[in-house]
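Step one of this worksheet: look at the structure below.
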Amino acid sequence: MSTKPLAIVILAAGFGTRMKSSQAKVMHTLAGKPMINWLLNSCESLNPEKIVVVIGPEMPDLEKAVKPHICVVQKVRDGTGGAVRTAMSALEGFGGDVLILLGDTPLITPATLSALRVAKDDHALAILGCIMDNPHGYGRLILGQDGMLENIIEEKDADPEQKAIQLVNTGAFCADGSQLCGWLNQIDSNNSQNEFYITQLPAIIREQGGVTAAAIIKNPAEVKGCNTRTDLAALEKTLQTRLREDLMNEGVFMQDPDTVYLWHDTKIAPDCIIEPNVYFGPGVTLESRVHIKAFSYLEGAHVKAEASVGPFARLRPDTQIGKGARIGNFVEIKKSIIGPGSKIGHLAYVGDCHMGEEVNFSAGAITVNYDGFQKHRTVIGKNVMVGSNVNLVAPVHIDDGAFVAAGSTITEDVPADALSIARDPAEIRQGWAAKYRKIKEAAQKKSRKRPKKAS
Ligand code: UD1
Ligand code: CA
């Protein structure tokens, strides 16, 4: 591979019209992270001297996402060639290799970028090609009699014969920085879109007797571009597969991986089991041997070793589940710490709560944490038993070892090892049900016997 210094230019100024969005195209997210940041991360791993991103005017979010790398603004979107020309202001005097990448092709891997640099070797320019089953929308690579790259023809400028070519331009170029400026000045806009295409470079070089090298990669998924929402969904699928495989290679078991959705920062330790249809939102960490059961939704949660969650559980941000705790079906937990070994088995809501170890929080019990204006905290000590259908009206403190009787609405603190019971005593009326039944049955018999009125 070239030992020359490396600079990277990323083109991201396009309108992204086909996305039909008010947001810059490269700010659309994949696994919760903007496309541009996926690409920047791959670029950073190559340790380039600089990364220059070409953005459009008034794209403050994009400018922020690109930091600390250099942003240059392409005032008039006159094509990919025009965009690279804009970037040259930040590359004055740079004579090394310049990788030119498209911001809307974010899943290209560092290994592929390195392969492109290897292909460039001593050539003036190398481009990355790929064979696509469906090449529609891509520039086609036209090879000469000698098998060398002669030209790139855009879909909109291609005749039917050229459209049948499946060898396409992925958009990734590696150019000799000392010659790039000279070529860029020769690009014209004689095409169907009246734009300056960067794809004119191979033809310009060929005319001057030069040769453009081509590296052909075999995995089309990583070089698929994103022009539409359908493309975005396809990229998401590719990325999710990659993230899941990474985790499985690290020892995580997913019973039906295709149904598990991961965030870019999901951390799952070895020997965790993830059942089907689980959604990981931002900021989830699972320690080893955690079991997440089907149809659970987790975000902002740290689940400690050997705990289990679900099926059908929801963990909301700022939640910590203690070692070996059991969170069952239809349980929602928000901004709470659940102690080790505690059990919240079914149909419960726990919000703004600090719960100690080995607590049993029964079916239908909830923390009443909101008074219509403010949130309040519930503190539950260790070894507490909260019965079914209990309302713990916060702020309230249930001390160690206390029992709260089923059906109670608790508005006052409960001391350690005490029983708190807050419900009306039952009234027993002997024989009432039998009498009631008799009256009702007699009334039914009577109404059935009544003759129908003549109509
Ligand atoms: C481009 C290539 C095509 C290739 C395909 C791969 C050209 C002319 N065509 O087509 O050969 O097969 O990518 O996905 O290069 N951009 C700017 N400024 C502009 C125009 C575009 O920065 O004035 C940026 C866009 O933000 C985008 C990238 O360049 O990130 C590609 O532009 P796009 O319009 O999507 O090109 P394609 O039609 O996909
Ligand atoms: Ca594109």
Side-chain angles (χ1 to χ4, degrees), residues 8-19 21 23-28 34-36 38-40 52-57 59 62-63 65-66 71-88 100-108 112 116 125 127-132 134-142 149 151-158 162-163 165-173 175 184 187-204 212 214 216-217 220-232 234-235:
I8 301 179
V9 172
I10 298 174
L11 310 188
F15 286 113
T17 326
R18 290 166 280 182
M19 293 289 279
S21 168
Q23 205 181 18
K25 177 160 66 174
V26 297
M27 286 305 288
H28 286 267
M35 267 191 246
I36 187 71
W38 285 105
L39 185 56
L40 283 170
V52 181
V53 183
V54 184
I55 68 169
M59 291 181 164
L62 177 54
E63 198 174 344
V66 165
C71 268
V72 295
V73 178
Q74 184 190 11
K75 292 204 183 83
V76 182
R77 267 83 144 205
D78 53 3
T80 48
V84 181
R85 227 183 258 162
T86 310
M88 295 316 285
I100 301 167
L101 306 175
L102 305 182
D104 68 354
T105 306
L107 299 185
I108 195 161
T112 299
L116 177 59
L125 179 73
I127 76 146
L128 186 69
C130 173
I131 296 171
M132 295 254 183
N134 176 11
H136 181 80
Y138 290 89
R140 308 298 203 281
L141 302 192
I142 313 292
L149 182 63
N151 202 356
I152 301 174
I153 301 290
E154 292 304 306
E155 173 86 27
K156 286 185 177 145
D157 303 308
Q162 290 165 331
K163 278 185 184 158
I165 296 171
Q166 287 180 306
L167 183 58
V168 306
N169 168 33
T170 65
F173 286 49
L184 290 171
I187 294 180
D188 59 43
S189 57
N190 298 331
N191 51 58
S192 63
Q193 301 206 88
N194 298 320
E195 282 187 359
F196 295 93
Y197 292 165
I198 191 65
T199 47
Q200 208 187 328
L201 290 192
I204 291 171
T212 297
I216 310 298
I217 68 145
E222 70 167 274
V223 288
K224 283 232 160 95
C226 178
N227 295 324
T228 63
R229 302 276 183 169
T230 311
D231 293 337
L232 184 68
L235 293 191

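Just follow the structure's listing: the first ligand is 1, and inside any ligand the first atom is 1. Computation of the quantities below employed the complete heavy-atom set of this structure, encompassing side-chain atoms and omitting hydrogens, waters and symmetry-equivalent molecules.
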So which heavy atom in the protein is nearest [atom], and how far is it from that ligand atom?
atom	answer
atom 1 (C) of ligand 1	Leu102 CD1, 4.1 Å
atom 20 (C) of ligand 1	Gly79 C, 3.7 Å
atom 22 (O) of ligand 1	Ala13 N, 2.8 Å
atom 11 (O) of ligand 1	Glu154 OE2, 2.7 Å
atom 25 (C) of ligand 1	Gly14 N, 3.6 Å

With heavy atoms of [X] as the reference, note each atom of ligand 1 found under 4.0 Å away.
X	answer
Ile198	15 (O)
Arg77	23 (O)
Tyr197	8 (C)
Gly103	30 (O)
Thr199	7 (C), 8 (C), 11 (O), 15 (O)

Roughly how far apart are [X] [atom1] and [Y] [atom2], rounded to 0.5 Å?
X	Y	atom1	atom2	result
Asp231	Arg18	CG	CZ	8.5 Å
Met132	Tyr138	CE	OH	4.0 Å
Asn169	Leu102	CG	CG	7.5 Å
Ile127	Leu141	CD1	CG	4.5 Å
Lys75	Thr86	NZ	OG1	9.0 Å
Asn151	Asp157	CG	CG	10.0 Å

Backbone of Cys71 reached by a side-chain donor or acceptor of Glu63 within 3.5 Å: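 No; judged by distance alone, with no hydrogens or angles, the pair does not exist.
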
Under the 3.5 angstrom rule, does the side chain of Arg229 hit a backbone N or O of Met19 as a donor-acceptor pair?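 Looks like yes, one N/O pair under 3.5 Å.
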
Test of understanding: given a 4.0 Å heavy-atom threshold, classify the contact between [X] and ligand 1 as side chain, backbone, both, or neither.
X	answer
Gln74	side chain
Leu11	both
Glu155	neither
Ala83	side chain
Asn227	side chain
Asp78	backbone
Arg18	side chain

Any side-chain heavy-atom pair of [X] and [Y] under 4.5 Å:
X	Y	result
Leu184	Ile198	yes
Ile108	Glu222	yes
Glu155	Ser192	no
Met35	Leu232	yes
Ile152	Glu154	yes

Is there a nitrogen or oxygen of [X] sitting under 3.5 Å from a nitrogen or oxygen of ligand 1?
X	answer
Asp104	yes
Gly171	no
Asn169	yes
Gly139	yes
Thr80	yes

Which residue is it: Val52, Ile36, Ile10? I am looking for the one with a side chain to side chain contact (heavy atoms under 4.5 Å, CB included) to Val66.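 Only one option passes, and that is Ile36.
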
Does Val168 come within less than 4.0 Å of ligand 1, judged by its heavy atoms?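 No heavy atom of Val168 comes that close to ligand 1.
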
For Lys25, state whether at least one heavy atom is located under 4.0 Å from any atom of ligand 1.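 A heavy atom of Lys25 does come that close to ligand 1.
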
Crowding at NZ, Lys163 (>12 non-hydrogen neighbours, <6.0 Å):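 Yes, enclosed.
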
Is any N, O or S atom of Thr105 under 3.0 Å away from the Ca ion (ligand 2)?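 So Thr105 does not bind the Ca ion (ligand 2) by this criterion.
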
Report the name of the N/O/S atom of Asp104 located nearest to the Ca ion (ligand 2).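 Closest N, O or S atom of Asp104 to the Ca ion (ligand 2): OD2.
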
